[in-house]
Amino acid sequence: MTHAMLKGSNVPLEATTVRAVLRWTPGQGVPDVDASALLLGPAGQVRSDEDFVFYNQPRHPSGKVWWLGKKRVAEGPTDTIQTDLAGVEPEVSRILVVASAEDKTFDRVLGLRITLYDAAVAEGEPLLYFDIKPETGEETALICGELYRRGEGWKFRALGEGYSNGLRGLATDFGITVDESEAAGVPETSQPLPPAVPAQSSGYGYPQTQEPVTQPAYGYPQAAPAGTYGYPQPVPSASAVDPDFRLPPQGPQFI
């Protein structure tokens, strides 16, 4: 049974690995949307900058949360985050699923929806979906929903909470380090969508492109191609690549 979620509602999850898919309606003047995830400790903050998963840092060091990438399918463009809930470190109490819109306001993003799937069930129906409607329309980043622990299990809560100062402001609120000097005056770009191609069944409950999408190189070691939907090959953590890692200025849209 697929749950149609209302803002603030929650539902328990029996699935041990879930795929959160953001989808929106394309159109003239509609900005691209980027999906990301923040892993929060008991204090409601990230433990380090490595707890931020997005296209410039596509795999968490634990290997349990990763960015699968963007696709163009018949229903509209998508961006996806996958989480192995059973393996998430005990210190992580919540995982936020976030959308940002190229520093554009979300009143220009049409038909934004988050859909959650059980990644282990081929051709499975969605577990739930939530149609996200910005409260003011001036938001440039949104917390779409959160996966959070409840006892020995996990639940999902529909949120739709917005930030007018973009993903940079949202990330800072949760403890991500943003280097002001590096961010100032640097043009910001998001990861482009691949060209549209006819959709076919993915075996995971929603269509995907006919060819695997190769993630572009952004200066961070890349995981397996997004279209394979397998566990990505191990890659070095951000701290291993650069011990002074800070949120890259060319990442999702900081203002």
Just do the side chain to side chain contact (heavy atoms under 4.5 Å, CB included) check on Leu167 and Phe52 with the steps written out, would you?
CA-CA 11 Å; Leu167 187 58; Phe52 184 31; 3.8 Å; yes

Spell out, as yes or no, whether a donor-acceptor pair under 3.5 Å connects the side chain of [X] to the backbone of [Y].
X	Y	answer
Gln45	Gly175	yes
Thr2	Pro126	yes
Thr83	Leu85	no
Thr140	Ser164	yes

Could you check if a side-chain atom of Asp107 sits within less than 4.5 angstrom of a side-chain atom of Glu138, using non-hydrogen atoms only?
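Yes, side chains in contact.
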
Should Arg19 and Leu68 count as side-chain neighbours, where that means a heavy-atom distance under 4.5 Å?
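Heavy-atom side-chain distance check passes, below 4.5 Å.
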
Side chain to side chain contact (heavy atoms under 4.5 Å, CB included) between Glu125 and Asp118: does it pass, once the steps are laid out?
CA-CA 8 Å; Glu125 292 294 319; Asp118 183 342; over 6 Å; no

Spacing of [atom1] belonging to [X] relative to [atom2] belonging to [Y], to within rounding of 0.5 Å:
X	Y	atom1	atom2	answer
Leu127	Met5	CG	CE	10.5 Å
Asp131	Arg23	CG	CZ	9.0 Å
Arg157	Arg150	CZ	CZ	6.5 Å
Ser93	Leu147	OG	CG	11.5 Å
Ile95	Glu146	CD1	CD	10.5 Å
Ile176	Glu50	CD1	CD	10.0 Å

Salt bridge (Lys or Arg N to Asp or Glu O under 4.0 Å) with [X]: which residues, sequence neighbours excluded?
X	value
Arg47	Asp51, Glu89, Glu91
Glu161	none
Lys133	none

Please report the shortest heavy-atom distance between [X] and [Y], naming the atom on each side.
X	Y	result
Gly44	Phe174	O-CD2, 3.4 Å
Val109	Ala101	CG2-CB, 4.1 Å
Ile114	Cys144	CD1-CB, 4.0 Å
Gly162	Leu142	CA-CD2, 3.5 Å
Asp49	Gln57	O-NE2, 3.1 Å
Leu6	Ser9	O-OG, 2.5 Å

Which one of Ile81, Asp84, Leu38 satisfies the side-chain contact (heavy atoms from CB on, under 4.5 Å) criterion with Val65?
Ile81

Side chain to side chain contact (heavy atoms under 4.5 Å, CB included) for Trp24 and Arg113? Distances and angles first, verdict last.
CA-CA 6 Å; Trp24 61 100; Arg113 170 181 286 191; over 6 Å; no

Against Lys70, only a single residue in Asp34, Thr78, Thr80 fulfils side-chain hydrogen bond (donor to acceptor under 3.5 Å, both in side chains); can you say which?
Asp34

Please say yes or no: joined through hydrophobic side-chain contacts below 4.5 Å, possibly via intermediate residues, are Phe156 and Tyr129 part of one cluster?
no

With a 4.5 Å cut-off on side-chain heavy-atom distances among I, L, V, M, F, W and Y, is there a chain of contacts connecting Tyr148 to Leu128?
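No, Tyr148 does not connect to Leu128 through the hydrophobic network.
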
Passes side chain to side chain contact (heavy atoms under 4.5 Å, CB included), Tyr163 versus Ile143? Steps please.
CA-CA 8 Å; Tyr163 281 69; Ile143 304 174; 4.1 Å; yes

Taking only Lys NZ, Arg NE, NH1 and NH2, and the carboxylate oxygens of Asp or Glu, determine whether Lys104 and Asp32 approach each other closer than 4.0 Å.
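Salt bridge: no.
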
Indicate yes or no: does Glu135 engage Lys7 in a salt bridge with an N to O separation below 4.0 Å.
yes

Any chance you could lay out the side chain to side chain donor-acceptor pair (under 3.5 Å) test for Asp79 and Trp67, step after step, and finish with the verdict?
CA-CA 8 Å; Asp79 203 5; Trp67 173 78; 2.8 Å; yes

